[in-house]
Amino acid sequence: MKKEDILIITPHQKLWSVDFKEIWRYRDLIALFVHRNIVVQYKQTILGPLWYIIQPVLTVIMNMVVFGGIAKMSTDGIPQPLFYMAGNVCWFYFADCLNQTSSTFTANQGMFGKVYFPRMVVPIATVLSNLLRFGIQLLLFTAIYLYFAIRGADVTPHWQLALLPVFIIMIAGLGLGFGILVSSMTTKYRDLTVLFGFIVSLWMYGTPIVYPISMVTNETLRTIILLNPMTSIIEAFKYASLGQGFFSWLALGYSFVFMCVLLLFGVVVFNKVQRSFMDTV
C-alpha cells in the first residue's frame with residue numbers, strides 16, 4: 001500500500017474549522033449525493049420533474065387570486081405573474097436548502113453510524129442539488145419575462161442583474177447556515193423540527209415576496225422587515241430584473257455579513273454535535 005493511499009482520521013481540533021481539502025477529496029461522493037437527491041425526490045411520481053414547474057406556477061396563480069385579486073395588494077406596476085414569480089423563485093431555493101439541510105443528522109443517522117466521510121458533504125450536496133430546481137424555475141421566470149416584455153410591459157433590467165451569481169451564493173449560504181444550525185439542534189430536541197417548520201411558513205410573509213417593500217410605510221415595521229437577511233436579496237433581484245424594487249449596497253452588505261456570521265456559528269455547532277450525535281439520536 002502506498003503512503004498516499006493511507007487516510008488518517010483525526011477529530012477536528014477547532015470547532016470553527018472546515019477541512020475544504022478533505023471535502024474536495026470526497027467530491028465524487030458529493031456528486032453521488034446530488035444525483036441521489038434529484039432522482040429520489042420525484043421517484044415513483046406521475047409527473048416527475050414537471051413538479052419543478054407546476055409548483056411555482058400554482059403558487060403564482062394562488063398569489064394572484066388571494067393577494068392580487070382579493071387583497072388588492074400593489075405590485076408597483078409590474079405584471080402580477082412576473083412580480084410574484086421573481087420573489088417565489090428566490091424564496092423556494094432558500095426554503096428548499098433550509099428545510100432539507102435541517103434534517104441532515106436525523107435523516108442520515110443510519111449511514112453516519114456505519115461509514116466515515118465528512119458530514120458536511122451531505123448539506124453541501126443538498127444545496128447543490130437544489131440549484132437544478134432553481135435553474136429550471138429561473139428559466140420559467142425568464143420565459144414569462146420575455147412574454148410580458150414583448151407585449152410592452154414596463155419592465156427594465158438593470159446592470160445589477162450581473163450580481164445574480166452573488167445573490168445565489170448568498171441565498172445558498174443563508175439556507176445552508178440556518179439548515180445546519182437547526183439540524184444540530186434537532187438531534188436532541190425533535191419538537192424543534194415542527195416549531196421551525198411553522199416559523200419558516202410565517203417567515204415567508206415577513207419577506208417582501210407578495211408585496212413590495214414600498215408598501216410598508218410604518219418605519220418600525222419597515223426596519224423589522226429589512227432586518228430579515230432575505231429581504232435585501234429578493235428586493236435587489238426584483239430591482240435588477242424588473243426595474244422596480246429596493247436596492248441598497250448597505251442592505252446587501254448587512255445580509256452578506258449576516259450570512260458569514262451565521263455560517264461560522266452554524267459550523268461551530270455542527271462540528272460540536274457531530275462528535276457525539278450518534279449517542280443522542
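Each residue takes its place number in the sequence, starting with 1.
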* Just how far is it from atom CZ of Phe196 to atom OG of Ser201, taken to the nearest 0.5 Å? -> 10.5 Å

* Can you hop from Val216 to Leu202 via hydrophobic side chains spaced under 4.5 Å? -> no

* **Cys90 side chain near Ile171 side chain, heavy-atom distance below 4.5 Å** => yes

* **Under 3.5 Å: donor-acceptor pair, side chain of Gln160, backbone of Ala240** => no

* What residue pairs, at least two apart or across chains, pass side-chain hydrogen bond (donor to acceptor under 3.5 Å, both in side chains) with a residue in residues 240-258? -> Ser232-Ser255

* **Met185, CE: over 12 other non-hydrogen atoms inside 6.0 angstrom** => no

* Following the transitive rule for hydrophobic clusters with a side-chain heavy-atom cut-off under 4.5 Å over Ile, Leu, Val, Met, Phe, Trp and Tyr, establish whether Phe94 and Phe265 coincide in one cluster. => yes

* Asked: Any donor-acceptor pair under 3.5 Å linking the side chain of Asp76 with the backbone of Ile78?
  -> no

* Is the closest side-chain heavy-atom distance between Ile124 and Thr101 below 4.5 Å? -> no

* **Trp203 and Phe178 aromatic centres sub-6.0 Å** => yes

* Are any side-chain N or O atoms of Lys272 and backbone N or O atoms of Ser184, one a donor and one an acceptor, separated by less than 3.5 Å? -> no

* Donor-acceptor contact present, side-chain Tyr93 to main-chain Val127, <3.5 Å -> yes

* **ILVMFWY network linking Tyr211 to Met62, side-chain heavy atoms under 4.5 angstrom** => yes

* So, do Gln137 and Asn88 sit near enough that their side-chain heavy atoms are less than 4.5 Å apart? -> no

* Asked: Roughly how far apart are Ile180 CD1 and Asn271 CG, rounded to 0.5 Å?
  -> 8.0 Å

* Asked: Does atom CG of Leu250 have more than 12 heavy-atom neighbours from other groups under 6.0 Å away?
  -> no

* Side-chain heavy atoms under 4.5 angstrom apart, residues restricted to Ile, Leu, Val, Met, Phe, Trp, Tyr: same cluster for Val261 and Val269? -> no

* Asked: Centres of the Phe237 and Phe141 rings: under 6.0 Å?
  -> yes

* For Phe247, does the CZ atom sit with more than 12 other heavy atoms under 6.0 Å from it, leaving out its own atoms? -> yes

* Would a 4.5 Å heavy-atom cut-off, applied to side chains only, mark Leu140 and Pro56 as touching? -> yes

* **Reported CD1-to-CD1 distance for the pair Ile234 and Ile209, which is rounded to 0.5 angstrom** => 4.5 Å

* To do: Check for a donor-acceptor pair, side chain of Thr156 on one end and backbone N or O of Gly243 on the other, with a separation under 3.5 Å.
  => no

* Do any N or O atoms from the side chain of Ser183 and from the backbone of Gly179 form a donor-acceptor pair under 3.5 angstrom? -> no

* Flag side-chain contact, heavy atom, 4.5 Å: Leu164 against Leu138 -> yes

* **Sequence neighbours excluded - ring-ring contact (aromatic ring centres under 6.0 Å, His included) pairs with any residue from residues 145-169** => His158-Tyr239

* Asked: Is Ile169 linked to Val89 within one hydrophobic cluster, defined over Ile, Leu, Val, Met, Phe, Trp and Tyr using a side-chain heavy-atom separation of less than 4.5 Å?
  -> no

* Once you round to the nearest 0.5 Å, how far does CZ of Phe33 lie from CZ of Arg36? -> 5.0 Å

* To do: Nearest 0.5 Å please: distance from the CD1 atom of Ile233 over to the CG atom of Leu174.
  => 5.0 Å

* To do: Any chance you could measure Ile224, atom CD1, to Asn218, atom CG, to the nearest 0.5 Å?
  => 8.0 Å

* Pairwise side-chain contact, Phe246 with Arg222, heavy-atom cut-off 4.5 Å (strictly under) -> yes

